[in-house]
Engineer: 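Just dropping this structure here.
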2 protein chains.
Amino acid sequence: MSANPTTSERILLATINLMAEKGYDSTTTKEIALAAGVNEVTLFRHFGTKEKLLEAAFSRFHYGNEMTKLFNEGLKGHLHEDLLIVSRTYHNIMNRNRKLISIALKGSSTLPDSVLQEASRNPKHLKNLLADYLTTMSSEGKVVSSNPEIQALSFMWMNYGAFISGLNAKDTVSEDTLDEFIEESVSLFTKALSP
Amino acid sequence: MSANPTTSERILLATINLMAEKGYDSTTTKEIALAAGVNEVTLFRHFGTKEKLLEAAFSRFHYGNEMTKLFNEGLKGHLHEDLLIVSRTYHNIMNRNRKLISIALKGSSTLPDSVLQEASRNPKHLKNLLADYLTTMSSEGKVVSSNPEIQALSFMWMNYGAFISGLNAKDTVSEDTLDEFIEESVSLFTKALSP
DNA sequence: CCCTAATGCAAGTGCTTACTTACATTTATT
DNA sequence: AATAAATGTAAGTAAGCACTTGCATTAGGG
């Protein structure tokens, strides 16, 4: 369909950048074409409709299952270190996909379902993994046995809130501030969860 | 200007409800008028423009400074109880204004500044208040002396994340689940912050 | 009963939008 | 050089948008 991949790519990137700022509805195909340096007609020849254009952008750039992999392999049974890894990986993934998430958050009446699902599975999946981890750790006596579900939820929501907060801030949260927050908050949870 | 307040009120409520679902741009004045049970012209006679309409909705329904008042009067120096009050009051205020916040979050290129400011001051103001509280508590030996800024930030972000998570969920988070989360998470922070 | 203010109704304006069509031009392939 | 595929250009379409205008209808207070 597209012999020249750079053209498609440029259009998709322009789509993501503009829509992350202004939302799906407020971003016009004319703008996108201008930002991508192509004619508006080319955009339609490549993707047909505005809706399919966004779908293409999502399916090409969305994040995979890095987090699941992390929980299956990367955690060593040391609470403080493991929470650090989880938190850092989480923010890593989220920040890499911040624009897609921003688009989904702003939403629209005509936003394709596939796009909405991508964002809604955000913290839920991770909460389950973390809850399982805490349950295991608890059975090994390495974590206080209480309510692993809500403990995991609290941790994920804290990081989710931190991420969302940084999304719309004009002055981007610096790398240092994020690191500082991660370390302090992980220490906080480590102390709270230790037997 | 409006001899019949119910008419204005109906329009404002319809505005908030529709825009919270679909966002500012995607909500048409025609829809609003239909939902409010008035003619579209009446809407313009009352508020002039779509922009002024949203401004009116915000200025009439936005939350005051309940949280500041709370910190000046309501806290008693008992960590666990105080955190409980803060958390409960926070979710109370946020849930009462969930639709306005939803509108501001979705955003738009033409969204009035006054509306955006309302939402951006969300956790920041509260973080400062909570940080001050923790500093005081720390000087009284009731809280571990570490980094009150980030401790406060962690607590606020956790609650912010919890709130945002419940915003877009189709199945509203039940009252019970929220209560359960608040109690468990406050206990968590109490243990972590105790000397 | 009259007067005024609020509302409804019908029609229309000018603008923007996503999307199309027909044709010319460039670029790559053979 | 010839051919085909990808892009540009120009123009237009149909629909939807916020917003306006002129006039008829309703309702309440004096």
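Protein chains get the first letters and strands the later ones, always in sequence-line order, with residue 1 at the start of each.
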Engineer: At under 4.0 Å, does any side-chain N or O of A/T42 touch on OP1 or OP2 of D/dG8?
Structural biologist: yes

Engineer: Expressed in angstrom and rounded to an integer, what is the separation of B/N39 atom CG from C/dA11 atom C1'?
Structural biologist: 12 Å

Engineer: Could you check whether atom CD of B/E175 has more than 12 heavy atoms from other residues, nucleotides or ligands sitting under 6.0 Å from it?
Structural biologist: no

Engineer: State plainly whether one hydrophobic cluster holds both B/L70 and B/V186, where clusters connect Ile, Leu, Val, Met, Phe, Trp and Tyr through side-chain heavy atoms under 4.5 angstrom apart.
Structural biologist: yes

Engineer: Extract from the structure each pairing of a protein N or O with an N or O of nucleotides 12-22 of chain D at less than 3.5 Å, listing the distance.
Structural biologist:
{"unit_1": "D/dA18", "atom_1": "OP1", "unit_2": "B/T27", "atom_2": "O", "d": "3.4"}
{"unit_1": "D/dA18", "atom_1": "OP1", "unit_2": "B/K50", "atom_2": "NZ", "d": "3.1"}
{"unit_1": "D/dA18", "atom_1": "OP2", "unit_2": "B/T29", "atom_2": "N", "d": "3.2"}
{"unit_1": "D/dA18", "atom_1": "OP2", "unit_2": "B/T29", "atom_2": "OG1", "d": "3.1"}
{"unit_1": "D/dC19", "atom_1": "OP2", "unit_2": "B/K50", "atom_2": "N", "d": "2.6"}

Engineer: Looking only at heavy atoms, what is the nearest atom pair of B/L83 and B/F155, with distance?
Structural biologist: O-CZ, 3.9 Å

Engineer: Are A/S185 and B/Q151 linked by a side-chain donor-acceptor pair shorter than 3.5 Å?
Structural biologist: no

Engineer: In whole angstroms, how far is the C1' atom of C/dA18 from the NZ atom of A/K52?
Structural biologist: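 Atom-to-atom, A/K52 to C/dA18, this comes out as 13 Å.
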
Engineer: Measure the distance from CE on A/M19 to P on C/dT17 and round it to the nearest whole Å.
Structural biologist: 13 Å

Engineer: Looking at every non-hydrogen atom in both residues, tell me the closest pair between B/A56 and B/S59 and how far apart they are.
Structural biologist: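 Result for this residue pair: O-OG, 3.2 Å.
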
Engineer: For C/dA6, take OP1 and OP2 only and decide whether either is under 4.0 Å from a side-chain N or O of B/H46.
Structural biologist: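 Answer is no, no contact under 4.0 Å.
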
Engineer: Mind grabbing the angle between the end helix axes of the helix from C/dC1-D/dG30 to C/dT30-D/dA1? Five pairs an end, 10° rounding.
Structural biologist: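 End-to-end axis angle: 10°.
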
Engineer: Could you state the atom-to-atom distance from CG of A/L34 to C1' of D/dG8 in whole Å?
Structural biologist: 14 Å

Engineer: Do the non-hydrogen side-chain atoms of A/L12 and A/F47 ever get within less than 4.5 Å of each other?
Structural biologist: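 Heavy-atom side-chain distance check passes, below 4.5 Å.
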
Engineer: Determine yes or no for a side-chain-to-main-chain donor-acceptor pair under 3.5 angstrom, with B/K50 supplying the side chain and B/Y24 the backbone.
Structural biologist: yes

Engineer: Could you check how far CD1 of A/I11 sits from C1' of C/dC19, rounded to whole Å?
Structural biologist: 15 Å

Engineer: Applying ring pair (Phe, Tyr, Trp, His ring centres under 6.0 Å), name anything that partners A/F181, two or more places apart in sequence or on another chain.
Structural biologist: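 A/F181 satisfies ring pair (Phe, Tyr, Trp, His ring centres under 6.0 Å) with B/W157 only.
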
